[in-house]
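For reference, the structure is listed below as structure tokens.
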Protein chains: 2
Amino acid sequence: MNFELDSYDRKIIALLQENARLSWSEIGRQIHLTSPAVAERVKRLEEAGVIMGFTTRINLRALGYSFEAMIQVTVESHDALDRWAAAHPEVLAVHATTGNHCAILRLAVSAPEHLQSLLKSLGDIGKTSTSVILSSQCEERPRLPADQLPRR
Amino acid sequence: MNFELDSYDRKIIALLQENARLSWSEIGRQIHLTSPAVAERVKRLEEAGVIMGFTTRINLRALGYSFEAMIQVTVESHDALDRWAAAHPEVLAVHATTGNHCAILRLAVSAPEHLQSLLKSLGDIGKTSTSVILSSQCEERPRLPADQLPRR
DNA sequence: TCTGAAATATCTCCACC
DNA sequence: GGTGGAGATATTTCAGA
């Protein structure tokens, strides 16, 4: 990633992380640029792969899920795990990792029985170790550039 | 969460998850509603807490981070952990969980030395067990309503 | 790369159903 | 809850610097 972000880019990114639906002209007003300038910068950031997309955060409970779980998995075949994950929309993320296990899955379930049936089917692929998520924080926090981290 | 989503709501949510910047009129064209109708539904979904916000997915590498790690933490004081997380923008998420550990942290680091210094400071609060994330999948996948999951 | 201006599209009310 | 229309905003495009 050899794309140098200037301070305008960083401000645009910060604003768009907070609200992806801000108009270019509103952003321009806040950072003192005209809307065509903002639009072109955003387009460049998208083309450079810095901005990967604009999404909507949805309340999983509103979709009928009641809680989330983290599952550490040890598998023989990563392909089998990938296929399992692709086939299950409950899977929110699959992280291949170093460590005793092979991967960490985060998934959303509608009920304990739902989790049980997922674990049963996942058990055919590998060994699992499950933690229920009680609460989550920081997920909505804007991502700072690494060179802008506060001094400690 | 006692909010019944009808099929229009679900289509709007699906479209907005893919691209949060679609215009109301473009959404209306695709689902056969007028733009004021779409705008009012989105407003209701936001007020009901179904739509929690519109965000931008940013490439962490473009911000100067080179990899992510998952850290299982066992702490005496959850408050101390929360303060630590709040003070460190590298923390992408804190999940309080059931299990042998107390919480699982996901964080972004710029270099191995960066991870090392974070672990050192986190070590003052509790015990840690760290896995480096090699690759991640499914994070960009749209969230389906639980009652719409494919039959298996 | 930005600005300014013109053409096009969208949003926001609001009356009505 | 929806539509359709009117006025205000926003986006897009492009010439010029």
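All chains are named by letter (A, B, ...) in the order of the sequence lines, taking the proteins before the strands, and each is independently numbered beginning at 1.
As rounded to whole Å, 16 Å separates atom P of C/dG4 from atom CD of A/Glu40. Between the OH atom of A/Tyr8 and the P atom of C/dC2 there is a distance of 8 Å, given to the nearest Å. Regarding A/Ile27, its CD1 atom lies at a distance of 19 Å from the P atom of D/dT9, rounded to whole Å. Counting to the nearest Å, the C1' atom of C/dT1 and the CD atom of A/Glu47 are 15 Å from each other. Nucleotide D/dG1 holds its P atom 12 Å from the CG atom of B/Leu45, rounded to whole Å. As rounded to whole Å, 13 Å separates atom P of C/dT10 from atom CH2 of B/Trp24. When rounded to the nearest whole Å, the span between CD of A/Glu26 and C1' of C/dC11 equals 14 Å. Rounded to whole angstrom, the span from the NE2 atom of A/His32 across to the C1' atom of C/dG4 amounts to 19 Å.
Of the candidate nucleotides C/dC11, D/dG4, C/dA5, C/dC11 has the atom lying nearest to any side-chain atom of B/Ser35. Closest to the side chain of B/Arg29, out of C/dT10, D/dA10, D/dT13, is C/dT10. Distances from the side chain of B/Thr34 to the nucleotides D/dG2, D/dT3, D/dA10 place D/dT3 closest. The side chain of A/Arg44 has C/dT1 as its nearest neighbour among C/dT1, D/dA10, D/dT12. If you check D/dA10, C/dT3, D/dT3 against the side chain of A/Ala37, the one that comes closest is C/dT3.
Hydrophobic cluster membership is shared by B/Trp84 and B/Val73, with clusters built from Ile, Leu, Val, Met, Phe, Trp and Tyr side chains linked at under 4.5 angstrom.
Looking only at atom types and distance, the side chain of A/Ser136 has a donor-acceptor partner in the side chain of B/His95 under 3.5 Å away.
Note that the CD atom of B/Gln17 and the CD1 atom of A/Ile58 stand 5.0 Å from one another [nearest 0.5 Å]. Within the model, atoms CG of A/Leu81 and SG of A/Cys102 stand 8.5 Å from one another, a figure rounded to the nearest 0.5 Å.
In terms of phosphate contacts, B/Ser23 brings no side-chain nitrogen or oxygen within less than 4.0 Å of OP1 or OP2 of C/dA9. At the phosphate of C/dC11, OP1 or OP2 sits under 4.0 Å from a side-chain N or O atom of B/Ser25.
In terms of position on DNA chain C, the residue among A/Arg21 and A/Arg41 whose nearest nucleotide sits closer to the 5' end is A/Arg41.
Panel note: side chain B/Thr56, backbone A/Leu16; a donor-acceptor pair is recorded below 3.5 Å.
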